[in-house]
Amino acid sequence: MLEAALKIINKIEENGYKAYIVGGFVRDYILGIESSDVDICTSAKPKELVEIFEGAVLPKDDYGSVSLMVKNTTFQITTFRTEVDYLDYRHPEEIEYVNDLNEDLIRRDFTINTICMDKDGKIIDRLGGREDLSNKVIRTVGKSFDKFHEDALRILRAIRFSTKLDFDLSDEVKEGIIKNKKLLDNISYSRKKEELDKIFTCSNAKKGIALLIDLGLDEVLGLRNLDKVDVTESLIGIWSIIEVDDDTYPFTNNEKELISKVREAMNINNLDPYNLYKYGLYVNSTAGVLKGIPREDVARNYEKLVIQTRKDLDITSNDIIEKLGFKPGPSISKIYTTLEKEVLYRRLDNNKNALINYCLKNFSSDII
Ligand code: ATP
Ligand code: MG
């Protein structure tokens with residue numbers, strides 16, 4: 001990935017512009033962490049970049065980044081800029097392209113995100129980012145109050161980097177967060193959820209949650225019960241404990257369904273065969289882990305189930321309708337549920353004859 005990135009910046013430089021790798025990639029590279037994307041900053045303007053690179057995609061909005069896909073890696077190429085007058089605490093009112101790397105670095109959020117690498121792989125550190133990296137501390141570029149006041153999303157980015165890298169927030173950063181936390185109201189719930197999801201999926205998520213609580217962010221973010229989250233193994237598990245108002249955070253339908261099932265499954269025995277069958281392995285193990293039941297215990301019991309889906313039952317609805325003369329409709333579903341339970345609790349063998357005989361004996365009154 002580094003090789004491909006260096007190739008890209010060399011190509012930009014060959015065309016007479018300046019270009020550097022910047023941001024997360026360089027930060028993670030120095031820390032020995034793998035990155036999934038690469039940010040490049042350059043003096044070349046988007047139109048000039050699409051002339052240099054075939055397949056480069058122009059940004060949808062003015063002043064966005066050009067993106068370039070090379071072998072499954074996205075390279076975000078952003079023209080040097082300064083950002084002026086933040087109006088809505090998120091989007092700068094005006095952006096100006098500039099020619100100088102320093103000016104571009106000054107508008108960035110944290111010092112550890114301003115370290116660059118040039119076309120020869122040399123590290124360029126104009127704002128003391130390396131020192132902060134080795135001291136494991138998150139500091140803003142310039143005054144913390146101003147940085148968070150301009151763009152409140154940076155509050156959550158600070159928590160995310162502190163969590164992911166296990167770094168401390170400088171005192172000034174903490175103070176800047178506390179003074180500006182109300183401005184998070186101006187940030188869309190979808191951007192807030194993206195950041196929260198990233199914090200919650202860190203292996204160190206507990207640190208992030210503690211920070212959110214200590215800085216009083218749970219309240220401004222509308223995250224009730226955050227202090228009750230003590231198992232952080234699964235994102236859905238965390239969101240199942242947290243309570244948020246409807247129509248705030250945009251959960252996908254799949255997330256909504258899983259969260260509501262996990263909440264239900266918290267109130268049942270997650271090792272019971274029928275519950276395991278009904279709610280499935282994922283929901284039971286997620287709920288189980290939240291209650292302190294080891295994931296392996298749930299998995300072991302799940303593997304032992306006689307049937308895991310209705311298809312595993314050695315009888316079809318056609319058998320029930322045609323061979324036994326039952327009427328299609330809701331009674332079929334009742335019969336199925338009874339058969340499933342009998343088989344799961346091992347009171348009835350899962351073979352066609354046994355199942356048909358059981359039906360004949362027990363459901364005869366339903367026969368037309
Ligand atoms: P990662 O990609 O690992 O999430 P990153 O630091 O690369 O972390 P990106 O969102 O990819 O973060 O942004 C790339 C760079 O752009 C950052 O390193 C930072 O220099 C700058 N940046 C991103 N978002 C902001 C912001 N809200 N305010 C100021 N600078 C920002
Ligand atoms: Mg990045």
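Just follow the structure's listing: the first ligand is 1, and inside any ligand the first atom is 1. Quick caveat: nothing in here was measured; it's all calculated off a predicted structure.
For ligand 1, the polar-atom distance check against F161 finds no nitrogen or oxygen pair separated by under 3.5 Å.
Heavy-atom separations between K147 and ligand 1 are all 4.0 Å or longer. Within the 4.0 Å heavy-atom cutoff, K198 does not count among the residues contacting ligand 1. Within the structure, the closest approach of E150 to ligand 1 does not fall below 4.0 Å when heavy atoms are considered. The shortest heavy-atom distance from D39 to ligand 1 is under 4.0 Å.
Below 30°, between 30° and 60°, or above 60°: for F145 and H149 the angle between ring planes is below 30°, a parallel geometry. A perpendicular orientation is assigned to the rings of Y189 and Y249, their planes being inclined by more than 60° (bins at 30° and 60°).
Of the heavy atoms in R160, only side-chain atoms (C-beta onward) come closer than 4.0 Å to ligand 1. Under 4.0 Å from ligand 1, heavy atoms of N113 appear from its side chain as well as its backbone. Under 4.0 Å from ligand 1, not a single heavy atom of T114 appears.
Evaluated by nearest non-hydrogen atom to atom 2 (O) of ligand 1, the leading choice among D37, V22, T78, I40 is D37. Ranked by closest heavy atom to atom 13 (O) of ligand 1, the top entry among R157, R191, E83 is R157.
Within the listing of ligand 1, atoms 18 (O) sit less than 4.0 angstrom from a heavy atom of G23. Each of the atoms 29 (C) of ligand 1 lies under 4.0 Å from some heavy atom of R107. Interface atoms of ligand 1 facing R154, defined by a heavy-atom separation under 4.0 Å, are 26 (C), 27 (N), 28 (N), 29 (C). Those atoms of ligand 1 that come under 4.0 Å of a heavy atom in G24, given as number and element, are 5 (P), 6 (O), 7 (O), 18 (O).
Judged by a 6.0 Å distance limit and a 45° cone about the ring axis, R157 is not positioned over the six-membered ring of F110. For K164 and F161, the positive end is not near the middle of the six-membered ring at less than 6.0 Å and at most 45° from its axis.
Of all non-hydrogen atoms in D227 and I213, the two that sit nearest each other are CA-CD1, 3.6 Å. In terms of heavy atoms, T232 sits closest to A205 at CB-CB, 3.9 Å.
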Passes side chain to side chain contact (heavy atoms under 4.5 Å, CB included), C359 versus I335? Steps please.
CA-CA 8 Å; C359 289; I335 292 171; 4.0 Å; yes
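When atom types are taken as modelled, the side chain of Y274 and the backbone of E342 share no donor-acceptor pair closer than 3.5 angstrom.
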